[in-house]
Amino acid sequence: MTRLLGYVFLLAGIALLVVGVNQLGLYVQAPDQFPIYQKLVALPAADRTIDLQQGAMVLPVGFFKVSGMLSILLTGFLLVSVVKLLVSTGLGMIKSDTRDLARQLISEIRKLEHRDLNG
């Protein structure tokens, strides 16, 4: 059952990688489709205004475009970390436990020693 669950995690990681890279590629080519980017770029001037002692300053839209692109980049890093977690968990569940392997090896050695001593 553990191996089956390991294969499920591995397949989920690979599927997420394929879908995520495809979607991330779309967002990099056309960042206006990314929801956070849309909201940041569409902020009205009243929300982009900073009150200073000398007066008010309106931040340019380019500042928020850079923030939107950084959010796309951070989404990519999040995708990579989740895929890495799923794949490493899946592979860890698939490969045999080293303690079990060591126990089997020790029992085989003891059987061979017992045979040599008895004849």
Side-chain angles (χ1 to χ4, degrees):
M1 184 66 181
T2 303
R3 281 186 170 216
L4 178 64
L5 196 56
Y7 284 117
V8 169
F9 277 122
L10 187 63
L11 288 175
I14 292 171
L16 182 65
L17 179 67
V18 170
V19 171
V21 167
N22 182 31
Q23 194 65 33
L24 201 61
L26 293 175
Y27 288 150
V28 169
Q29 289 176 357
D32 293 330
Q33 295 178 357
F34 193 64
I36 295 173
Y37 184 89
Q38 287 175 353
K39 291 189 187 324
L40 286 173
V41 173
L43 283 174
D47 290 337
R48 292 185 285 130
T49 303
I50 298 175
D51 292 325
L52 302 172
Q53 289 178 344
Q54 296 85 9
M57 180 176 115
V58 178
L59 292 172
V61 176
F63 178 78
F64 293 97
K65 284 185 178 183
V66 170
S67 297
M69 290 301 288
L70 286 175
S71 67
I72 294 173
L73 181 68
L74 289 175
T75 303
F77 283 126
L78 179 65
L79 170 75
V80 167
S81 63
V82 169
V83 167
K84 181 182 175 192
L85 176 70
L86 286 172
V87 169
S88 64
T89 303
L91 288 177
M93 294 174 105
I94 291 172
K95 68 180 182 178
S96 61
D97 190 15
T98 55
R99 288 186 181 183
D100 290 339
L101 185 62
R103 286 184 191 133
Q104 289 175 357
L105 185 61
I106 289 171
S107 67
E108 287 295 322
I109 291 172
R110 286 184 180 162
K111 286 180 188 175
L112 291 173
E113 285 177 353
H114 185 65
R115 280 190 215 158
D116 289 342
L117 292 176
N118 288 337

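The structure presented is a predicted model; accordingly, all values stated were derived computationally and were not measured.
- What you find for Leu85 and Ser88 is that their closest heavy atoms are O-OG, 3.2 Å.
- Taking every heavy atom of both residues into account, Ala56 and Asp51 meet most closely at CB-OD1, 3.9 Å.
- Atom CD of Gln33 and atom CD1 of Ile72 lie 9.5 Å apart (nearest 0.5 Å).
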Test log, rule side chain to side chain contact (heavy atoms under 4.5 Å, CB included), inputs Leu40 and Lys65: CA-CA 7 Å; Leu40 286 173; Lys65 284 185 178 183; over 6 Å; no
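- In this structure a side-chain-to-backbone donor-acceptor pair under 3.5 Å is missing from Thr89 to Leu86.
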Begin from the C-alpha positions of Leu78 and Ser81 and carry the test side chain to side chain contact (heavy atoms under 4.5 Å, CB included) through to its verdict. CA-CA 5 Å; Leu78 179 65; Ser81 63; 4.1 Å; yes
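- Within the 3.5 Å criterion, the main-chain N or O of Asp32 finds a donor-acceptor partner in the side chain of Gln38.
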Before giving the answer on side chain to side chain contact (heavy atoms under 4.5 Å, CB included), spell out for Leu26 and Phe34 the whole-Å C-alpha distance, their side-chain angles and the decisive distance to 0.1 Å. CA-CA 9 Å; Leu26 293 175; Phe34 193 64; over 6 Å; no
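- Atom CD1 of residue Ile109 and atom CD of residue Gln104 lie 12.0 Å apart, to the nearest 0.5 angstrom.
- The hydrophobic clustering, which links ILVMFWY residues whose side-chain heavy atoms are closer than 4.5 Å, places Leu79 and Val87 together.
- One hydrophobic cluster, built from ILVMFWY side chains closer than 4.5 Å, holds both Val41 and Ile50.
- Linking Ile, Leu, Val, Met, Phe, Trp and Tyr residues whenever their side-chain heavy atoms come within less than 4.5 Å places Met57 and Phe63 in a single cluster.
- In this structure a side-chain-to-backbone donor-acceptor pair under 3.5 Å is missing from Arg48 to Val58.
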Side chain to side chain contact (heavy atoms under 4.5 Å, CB included) evaluation trace for Lys39 with Leu43: CA-CA 6 Å; Lys39 291 189 187 324; Leu43 283 174; over 6 Å; no
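- Met93 approaches Gly6 most closely through the heavy-atom pair CB-CA, 3.6 Å.
- Both Leu17 and Ile94 are members of a single hydrophobic cluster when ILVMFWY side chains are connected at heavy-atom separations under 4.5 Å.
- With values rounded to the nearest 0.5 angstrom, Leu112 atom CG is found 9.5 Å from Ser107 atom OG.
- To the nearest 0.5 Å, the span separating CZ on Phe64 from CD1 on Ile36 amounts to 14.0 Å.
- Ser71 is not listed as a side-chain neighbour of Tyr27, based on a closest heavy-atom distance of 4.5 Å or more.
- In terms of hydrophobic clustering, with Ile, Leu, Val, Met, Phe, Trp and Tyr side chains grouped at heavy-atom distances under 4.5 Å, Ile14 and Val80 are assigned to different clusters.
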